[in-house]
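Just so you know, ligand 1 is whichever comes first in the structure, and atom 1 is the first atom listed for that ligand.
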Amino acid sequence: MSKPTLPSSASSMPNWQRDAQDHLWMPYCQMKTASSPLPVVATQGMHLILDDGRRLIDGMGSWWTACHGYNHPHIAAAVTQQLSVMPHVMMGGIQHPQAALLATRLAALLPGDLQHVFFCDSGSVAVEVAMKMAVQFYLNRGCGNRHRFVSFRNAYHGDTTGAMSLCDPVTSMHAHFKGFLLEQYPQALPHTEEDFAVFEAFVREHSDSLAGIVIEPLIQGAGGMKFHQLNTLRGLREVCDRHDVLFIADEIATGFGRTGSMFACQAADVVPDIICLGKALTGGTMSFAATAATNRVFEAFYDDNASHALMHGPTFMGNPLACAAANASLDLFESEPRLQQARALESLLQQELQPCAALDSVVEVRARGAVGVVQVKTLDRIPQIIAAGVQRGIWIRPFKDMVYVTPPLNMPHDIARQLCCTIVDVLSDWDADRLPTEASL
Ligand SMILES: Cc1ncc(COP(=O)(O)O)c(C=O)c1O
């Protein structure tokens, strides 16, 4: 395999990996002890391309974002064209066609009357905006005490302080910020009738101080890839209705086809009051997010009273390049069978990862849409698992107590099978303690 050509600025840095070690502060890792990061210089289709020319099948889809695979020519063309016309313009007092088109298309795609789209720059900020909208929804209606949220065990909603306060207070990586964070009402996610009775009693008791219930619909992602049933979502919606509490769906990970429908809430016929979108919004090309609200929520802000306005406005909100990428990504959802592809991947992942279930250390194999999970009793030697994957041609990044994949929704089945077979191989060696102790990539 020939070595890929680097952009000129990077090719003038022959020692870029050493320089990175000195200056790049990496996410979610102890810099002192972490293994060397993977040197990726290009992406193509379903693959990451390494500095030495090796190509890895990407099992991660760059954290759920690359829903059409990498470097899709339709998105690249749209962004390139927009770059020459208007890379950015502020949105304070200005509107532009790409943002108008995207907001209109999202409003048409979203369930119910989620008609009002507020753009922002990352998923965590979309969650902050949703929280602020919910609190101010009640403030504007004269209920000043409603500033707390019910969130759920195993929840993950982002890394900014408001979003952190919604994460699982015990098992999440943000647990040691307790005291610094806003206090919320973390609850067990109700599944059965009895669970719901307990849950509803809690909501009834606290409804005077509650602004919203926040949920990652169908799949709780970074908190453990936990799946729940459609009825749980329906039940939560009903509890919200009975106690006049806003239902906030964080579809940052699940949105745009990941679970097999465009938005996970649609599978349950549930319309949230507020929905957060991000990740795959731009088809995996750049950071962008949105918070959309129903007419009822919007109307609580729409007033002659200036203080009822939503005072929020990230500098890069509605960035035209990001809007162009998102519009091009929506074109692909229209012209290609992405949702069917996600649903077909569900059966493939379930079937092809299933041999892992026979391993002593494995508790369960599960799949929903284009998410496959091998749940283990205790996950150890993570760097060795990652390295074995890389040496055998795949990129996976296990965490907590699982090995999981979130590949592009359009991953061809032969490649998806190769990904799964390699995971089965690596985990068999891990289970039998046959992985080399050296975690070299
Ligand atoms: C459900 C959910 N909400 C919010 C976020 C935060 O998004 P971002 O990383 O873009 O801030 C994430 C990121 O993984 C997520 O999975």
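With sequence neighbours excluded, the residues satisfying side-chain contact (heavy atoms from CB on, under 4.5 Å) with Ala78 are Ala328.
Salt bridge annotation for Arg141-Glu299: absent, with no cationic side-chain nitrogen under 4.0 angstrom from a carboxylate oxygen. Between Asp331 and Arg105, at least one side-chain nitrogen of the basic residue sits less than 4.0 Å from a carboxylate oxygen of the acidic one, meeting the salt-bridge criterion.
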Short N or O contacts of ligand 1 with protein, under 3.5 Å, listed by atom name?
unit_1: ligand 1; atom_1: 3 (N); unit_2: Asp250; atom_2: OD1; d: 3.3
unit_1: ligand 1; atom_1: 3 (N); unit_2: Asp250; atom_2: OD2; d: 2.7
unit_1: ligand 1; atom_1: 7 (O); unit_2: Ser124; atom_2: N; d: 3.4
unit_1: ligand 1; atom_1: 10 (O); unit_2: Gly123; atom_2: N; d: 2.8
unit_1: ligand 1; atom_1: 11 (O); unit_2: Gly123; atom_2: N; d: 3.4
unit_1: ligand 1; atom_1: 11 (O); unit_2: Ser124; atom_2: N; d: 2.7
unit_1: ligand 1; atom_1: 11 (O); unit_2: Ser124; atom_2: OG; d: 2.6
unit_1: ligand 1; atom_1: 14 (O); unit_2: Lys279; atom_2: NZ; d: 2.9

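A distance of 6.0 Å or more separates the ring centres of Phe316 and Phe119. Checked against a 6.0 Å centroid threshold, the rings of Phe137 and Phe298 do not count as neighbours. Here the two rings, on Phe333 and His68, have centers that are under 6.0 Å apart.
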